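Quick note: numbers below take in every heavy atom, side chains included, and nothing from hydrogens, waters or symmetry partners. All of these numbers come straight from a predicted model, not from anything done at the bench. The sequence lines fix the lettering, A, B, ..., with proteins before strands; numbering per chain opens at 1.
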Amino acid sequence: MGKVNTILGPIAAEQLGITAMHEHIGFGLPGCDLDTKWWEARPKMLEVTIDKLKHFRELGGQTIVDCTGIGTGRDISYWQVVSRVTGVNIVACTGFVSGDTVLPYFRDKSIEYLADLFYHEITVGIEGTNVKAGAIKCGVSRGGLNELDEKVYRAAARAAVATGVPILTHLSINADRQMDLFEMEGLSLDRVVIGHSDGKEGLDPARDFRIAERGAYVGYDTIGFDTEKGTPEVPAPFWARPRAERLDQVMDLFKAGYENRAIISCDANCFALGWASTEHSVAELLEVFVPELQERGVSDETVELLLVDTPAKLLTMRDPQPNLIKAAKEAVEA
Amino acid sequence: MVNSFGKSDLGIVNTVLGPVSVAELGVVLVHEVLVSKIPGAEFAPEMDMDESKQFNTLKQSLKEYRRLGGGTIVDRSGMFRGRNVKLYRALSKETEVHIVASTGLGPASMVGSYFTTQQTEPPGPMPLDRLSEMFANEISQGTVIPRRERTGPAGLIATEANKKGITRFEEHLFRGSALAAQQTGATITFQYGREPEHELDILEKEGADISRIIVGGLDRLESDARGDTFKLARRGVMVALDHAGWTPHEGYVSDDRRVELILELFAEGLGNRVLISTNSVGYAIGHDTAHQGFDYLLSIFVPKLKKAGVTDEQVRQLLEVNPQRILSLEGDKGVYKPQVEGADITWVK
């Protein structure tokens, strides 16, 4: 079918297998590394991370897309150890989780600069390595899509067109505007997952249908952030949902025949950086959520579609059009 | 380098190699930056992050400073703008220049979102008590090397306000700095934004000791026009004319005017509240700078002062007595006992 960039090199799309499209080895806001409150010895972090991914693997999982992006904990050499030890393919993202996470150096840069940066990470390598990103992350800041977010969206779209990798977004807030931005930059919406549609932040089930109708993918990808998991010590985060409610939302879209316009994933952190996560693991996708779908009558074919076929279709790099960035630059200069 | 706890009444200063007696500092440049990095530049493919180049450039600048009679340099950029205490320790050992690092954050435009926009509903900044704890621990336990260890301690708390006017988040940083100063006895230094008196009020209201505050950037054209330096010195803070060599073209008074201001301050009996420095950048990553190297003050500016009639004793006041007093932890109040004494590393876990 085609090529997918993983952190251990390119693989064939057929090698992806069961894929969780929106996960994190460890995400933290820029600066959290300076706060000793969150420090943990690397060997322990590694142990916890390996345990979770091994379990995912034992349940049949083969690939995760790590949606961490630039400056929020993306750590290629560390991830390579994790991938080698567990055998789980890891696809790294270029881009930024949201405008909020864009570090000062990049805040004032042009769309062209940011597109070049993402392009570089997809075609040359990330942070001085020859490890290439296989997807692009962009997202909505706290308080809604802002000017900086939009700049990143446009740059992400240009780099996606130029390289053929897909885009995954953080949050479905202002989904219509998100999709407009991609289209304005010439990106087909079947290359896009509008993420966290099942999260409580800005929840709007009617929006899921608009995303599907326009041909993008609905990201049901905060599975396992359940309100039921909150404890006095670690309360459920503000984006958590009651389990049954999330399931109802997903089933409503599926019943309308849009199983082919959704992805399912957990957004779980193997080891959260700089914030306290409730107990969570990508393994829950296969261990808890898929059986719940099946109990609701979802067929094996649909499960296969959600976990294997759609991810492979999304992650397979389309024919690149690398001259577009150059053409855009020339157009600006002219 | 041996740490010594001399019997000086002025107490001790935290350098990157551990606490030393103030008497060892000699001539001090109070407002300089060793490595100045726009946060995030390290992730840009076009940036050269070769630390050996940083080391060699800084070594040359520091050795020249030492040759001219310099003893100590203070890195006033806080904890998030390229500070590299491991590098500074190696440089201090190599050049025998004391290096004082700072903790603290600001301006808001140079801060990561962990500090400004935490994952809470609604989003908010890092709570005040956590902020002050983080700063205070960098002074009492050592500065952090992200997610690994603590190393040599910070010697003061540095912050900065937006030039268009202090932002709400920066007020929060000022308050956190004031609390950390009270917990540690360390001095606060800030580059003022738009209204230095108002910004000083924020620190004072939060309980900071006014005699333990340095206000920097007071040789900007507009503060000269307003007479800020005199008003603030009379209030009892340390005023820093800390852009020697900068020009009206860059928004700062000329050296001639700077010299005049110093003469006027001495004439008014405020000479014990004045600091001078150059705000040079030893090594810039991700931005341009016209002011590199640390030789200007001693080789060019001090001769200008002397030519204008400033006495050797007054120069000593500006470059030794005043900085030593302000950098000593707790000033005249007694000797502060840090928890680390220049240990190479302190593992956190």
Side-chain angles (χ1 to χ4, degrees), chain A residues 26-45 69-75 94 96-109 113-114 116-117 119-121 124-128 141-143 200-201 235 237-240 272-277, chain B residues 37-50 78-83 103-127 129-131 133-135 137-138 141-150 285-287 346-349:
Chain A
F27 164 83
L29 291 169
C32 70
D33 286 352
L34 278 71
D35 184 354
T36 57
K37 176 178 177 180
W38 307 109
W39 289 12
E40 184 53 83
R42 278 281 173 187
K44 183 168 172 213
M45 291 170 68
I70 299 168
T72 48
R74 190 182 58 175
D75 187 340
T94 184
F96 295 97
V97 166
S98 67
D100 285 336
T101 74
V102 176
L103 277 154
Y105 181 77
F106 299 108
R107 285 177 197 160
D108 300 328
K109 298 290 189 210
Y113 174 93
L114 295 171
D116 275 351
L117 171 67
Y119 184 79
H120 180 95
E121 293 205 328
V124 180
I126 295 170
E127 290 169 32
S141 289
R142 301 299 298 279
K200 194 180 169 205
E201 221 178 341
F238 60 86
W239 59 88
L273 308 172
W275 58 289
S277 175
Chain B
K37 185 186 72 183
I38 308 293
E42 67 273 29
F43 298 116
E46 68 275 17
M47 280 302 132
D48 182 353
M49 297 302 295
D50 183 340
M79 66 195 295
F80 200 65
R81 295 171 73 179
R83 187 189 70 182
T103 185
L105 292 167
S109 61
M110 289 293 145
V111 171
S113 53
Y114 175 73
F115 305 108
T116 59
T117 320
Q118 298 214 319
Q119 285 162 278
T120 51
E121 181 62 18
M126 189 175 189
D129 58 331
R130 301 261 9 265
L131 205 56
E133 178 194 3
M134 185 173 69
F135 298 156
N137 285 344
E138 284 222 310
Q141 297 173 18
T143 55
V144 295
I145 295 176
R147 223 169 262 283
R148 196 177 71 209
E149 70 197 43
R150 286 190 187 276
I285 303 170
H287 68 97
T346 310
W347 295 100
V348 163
K349 275 180 188 170

Check your understanding: With respect to chain B, which residue among Glu121(A), Lys44(A), His120(A) yields the maximal number of heavy-atom pairs within a distance under 4.5 Å?
Key -> His120(A)
For chain A, the option from [options] that forms the most heavy-atom pairs under 4.5 Å:
{"options": "Asn137(B), Thr116(B), Val111(B), Thr120(B)", "value": "Thr120(B)"}
{"options": "Pro146(B), Ser113(B), Gly112(B), Ser109(B)", "value": "Ser113(B)"}
{"options": "Leu105(B), Thr143(B), Thr117(B)", "value": "Thr117(B)"}
{"options": "Met134(B), Met110(B), Arg130(B), Gln118(B)", "value": "Arg130(B)"}

[Y] backbone acceptor or donor facing [X] side chain under 3.5 Å:
{"X": "Glu42(B)", "Y": "Gly40(B)", "result": "yes"}
{"X": "Thr101(A)", "Y": "Phe96(A)", "result": "no"}
{"X": "Arg147(B)", "Y": "Arg42(A)", "result": "no"}
{"X": "Glu138(B)", "Y": "Val144(B)", "result": "yes"}
{"X": "Arg81(B)", "Y": "Pro39(B)", "result": "no"}

Point to revise | Centroid separation Phe43(B) to Phe106(A) less than 6.0 Å | key: no
Structural part of [X] lying under 4.5 Å from a heavy atom of chain B:
{"X": "Leu34(A)", "value": "both"}
{"X": "Leu273(A)", "value": "both"}
{"X": "Arg74(A)", "value": "neither"}

Point to revise | Check: Tyr114(B)/Trp38(A) side-chain N/O donor and acceptor closer than 3.5 Å | key: yes
Practice item. Name the region of Met47(B), side chain, backbone, both or neither, that has any atom closer than 4.5 Å to a heavy atom of chain A. Key: side chain
**Study point:** Per-residue contact mode, Met79(B) against chain A (heavy atom under 4.5 angstrom)
**Key:** both
